[in-house]
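This report concerns only the one structure given below.
Computed from heavy atoms alone, side chains included, the values below leave out hydrogens, waters and symmetry copies. When a ligand or atom number is given, it counts from 1 through the structure's own listing order.
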Amino acid sequence: MTATWKSWPNLFHICLLLCATGAVSQNFLLEPRSTTVLQGSKVQFSATVEGKWNVMTWTVGKLLVLTVLSGGNITSSGQYSARFCPGGDTSCVEFTIHNVTRQQSGEVICFVQGEYGSKIAHLYVQESGTVNIVGGNVTVAQDQQVEFQCLTTGWFPEPTVSWTLSGQDVNSSLYNTTSMTDGDTFNSSSVFKFQAVHNTTVECLATVPTLPNPQSSSVLLVVVPKPTDWTVLIAVVVSFGGFALLVLLILGIIFCYKRRKEKRKAPIISALIQLTLCSKSQISWW
Ligand SMILES: *[C@@H]1O[C@H](CO)[C@@H](O)[C@H](O)[C@H]1NC(C)=O
Ligand SMILES: *[C@@H]1O[C@H](CO)[C@@H](O)[C@H](O)[C@H]1NC(C)=O
Ligand SMILES: *[C@@H]1O[C@H](CO)[C@@H](O)[C@H](O)[C@H]1NC(C)=O
Ligand SMILES: *[C@@H]1O[C@H](CO)[C@@H](O)[C@H](O)[C@H]1NC(C)=O
Ligand SMILES: *[C@@H]1O[C@H](CO)[C@@H](O)[C@H](O)[C@H]1NC(C)=O
Ligand SMILES: *[C@@H]1O[C@H](CO)[C@@H](O)[C@H](O)[C@H]1NC(C)=O
Ligand SMILES: *[C@@H]1O[C@H](CO)[C@@H](O)[C@H](O)[C@H]1NC(C)=O
């Protein structure tokens with residue numbers, strides 16, 4: 001109950017706003033009121049006029065770019081065009097700017113002669129620039145610290161820069177991005193440092209909200225495995241071989257010792273082994 005009572009003033013306020021704007025736009029409506037697009041794309045506004053009207057003009061960035069007569073053909077001029085809404089309904093006009101540029105950012109004004117007056121829409125144009133990882137492919141030794149720098153130029157507004165390693169997003173706390181502007185477009189520099197472990201594709205991406213897919217640049221990080229890996233392997237092989245030799249030597253000594261005790265029973269093979277192995281060891285050991 002209390003909540004309902006508290007919301008009464010709000011409802012009244014909303015109704016006032018709706019009724020007020022409704023009253024004004026009832027005879028003339030310009031849509032959308034505000035739009036943000038990417039440079040080079042096409043942008044469309046529509047004006048819906050109630051009742052009989054004769055002349056409509058469109059102004060972009062203080063230049064009158066198109067005039068529409070309700071009874072006549074609509075002509076296009078350069079990158080501007082207009083047409084009546086589907087079905088040849090002259091109460092509605094679609095105005096299009098083709099290949100929009102940053103210079104056209106600002107107010108788009110539709111004026112209808114007579115008591116209608118003018119309506120203003122706001123156009124915001126964003127710009128996609130370039131992305132480049134400095135230095136190209138890199139080859140380093142394993143576990144070495146590597147640093148990549150990514151430069152973006154000619155963006156508006158400031159682009160969002162991010163990195164991926166072999167397609168995996170990199171935590172933003174691991175790189176630093178700084179931007180600079182000349183008042184027109186933004187350049188930025190992003191520095192990413194990490195320890196080289198695997199062969200990796202390093203990618204830098206930049207985007208603005210209206211860009212469907214980020215612009216990117218990627219390079220290869222080739223990691224040369226540590227030479228210590230080989231010395232460890234060699235050490236293992238050598239020590240294993242050494243151990244095997246030692247065991248053989250001990251077995252040989254035991255064998256020869258036994259032979260000396262039972263000289264008479266020697267078969268041919270044992271005799272041969274005794275000849276080759278024991279004769280030498282006997283010289284050196286006894
Ligand atoms: C409209 O344009 C066509 C062809 O361009 C022309 O034949 C016709 O007379 C025009 N109509 C008016 C009302 O200007
Ligand atoms: C769009 O406009 C730009 C600059 O005005 C121009 O360089 C480019 O050729 C135009 N593109 C098309 C498709 O008309
Ligand atoms: C990096 O390596 C890839 C694959 O070997 C190659 O296609 C590409 O051209 C190289 N890029 C540069 C800048 O050298
Ligand atoms: C990024 O790193 C910070 C600090 O190391 C951590 O608090 C945060 O949770 C990480 N974010 C993600 C998405 O992993
Ligand atoms: C980013 O820059 C700040 C200040 O220059 C520095 O303290 C920090 O370590 C840097 N972070 C990375 C990931 O380079
Ligand atoms: C952005 O980079 C371009 C090319 O390197 C350069 O010409 C321009 O002056 C730079 N703009 C800013 C604001 O640094
Ligand atoms: C990286 O790739 C190169 C050849 O492309 C290979 O010689 C090297 O062993 C690889 N490094 C790692 C750590 O796998």
Going by atom types only, do Thr164 and Glu203 share a side-chain donor-acceptor pair under 3.5 Å?
yes
For Thr181, take its heavy atoms, then give the atoms of ligand 6 lying under 4.0 Å from any of them.
13 (C)
ILVMFWY clustering at 4.5 Å (side-chain atoms), partners of Leu69
Val55
Begin with the C-alpha distance, continue with both residues' side-chain angles, and end with the deciding distance and a verdict on side-chain contact (heavy atoms from CB on, under 4.5 Å) for Gln195 and Gln144.
CA-CA 6 Å; Gln195 205 173 32; Gln144 193 178 314; over 6 Å; no
Angle between ring planes, Phe45 versus Trp58, binned at 30° and 60°: parallel, tilted or perpendicular?
tilted
Does Asn187 approach ligand 6 within less than 4.0 angstrom via side chain, backbone, both or neither, non-hydrogen atoms only?
side chain
Interfacing atoms of ligand 6 (cut-off 4.0 Å, heavy-atom, Met180)
14 (O)
Please list, by chain and number, the protein residues whose heavy atoms come under 4.0 Å of ligand 3.
Asn137, Leu220
Could you walk me through whether Ser91 and Val49 pass side-chain contact (heavy atoms from CB on, under 4.5 Å), step by step?
CA-CA 5 Å; Ser91 71; Val49 190; 5.6 Å; no
Between Arg102 (side chain) and Asp184 (backbone), is there a donor-acceptor pair under 3.5 Å?
yes
State plainly whether one hydrophobic cluster holds both Leu205 and Trp163, where clusters connect Ile, Leu, Val, Met, Phe, Trp and Tyr through side-chain heavy atoms under 4.5 angstrom apart.
no
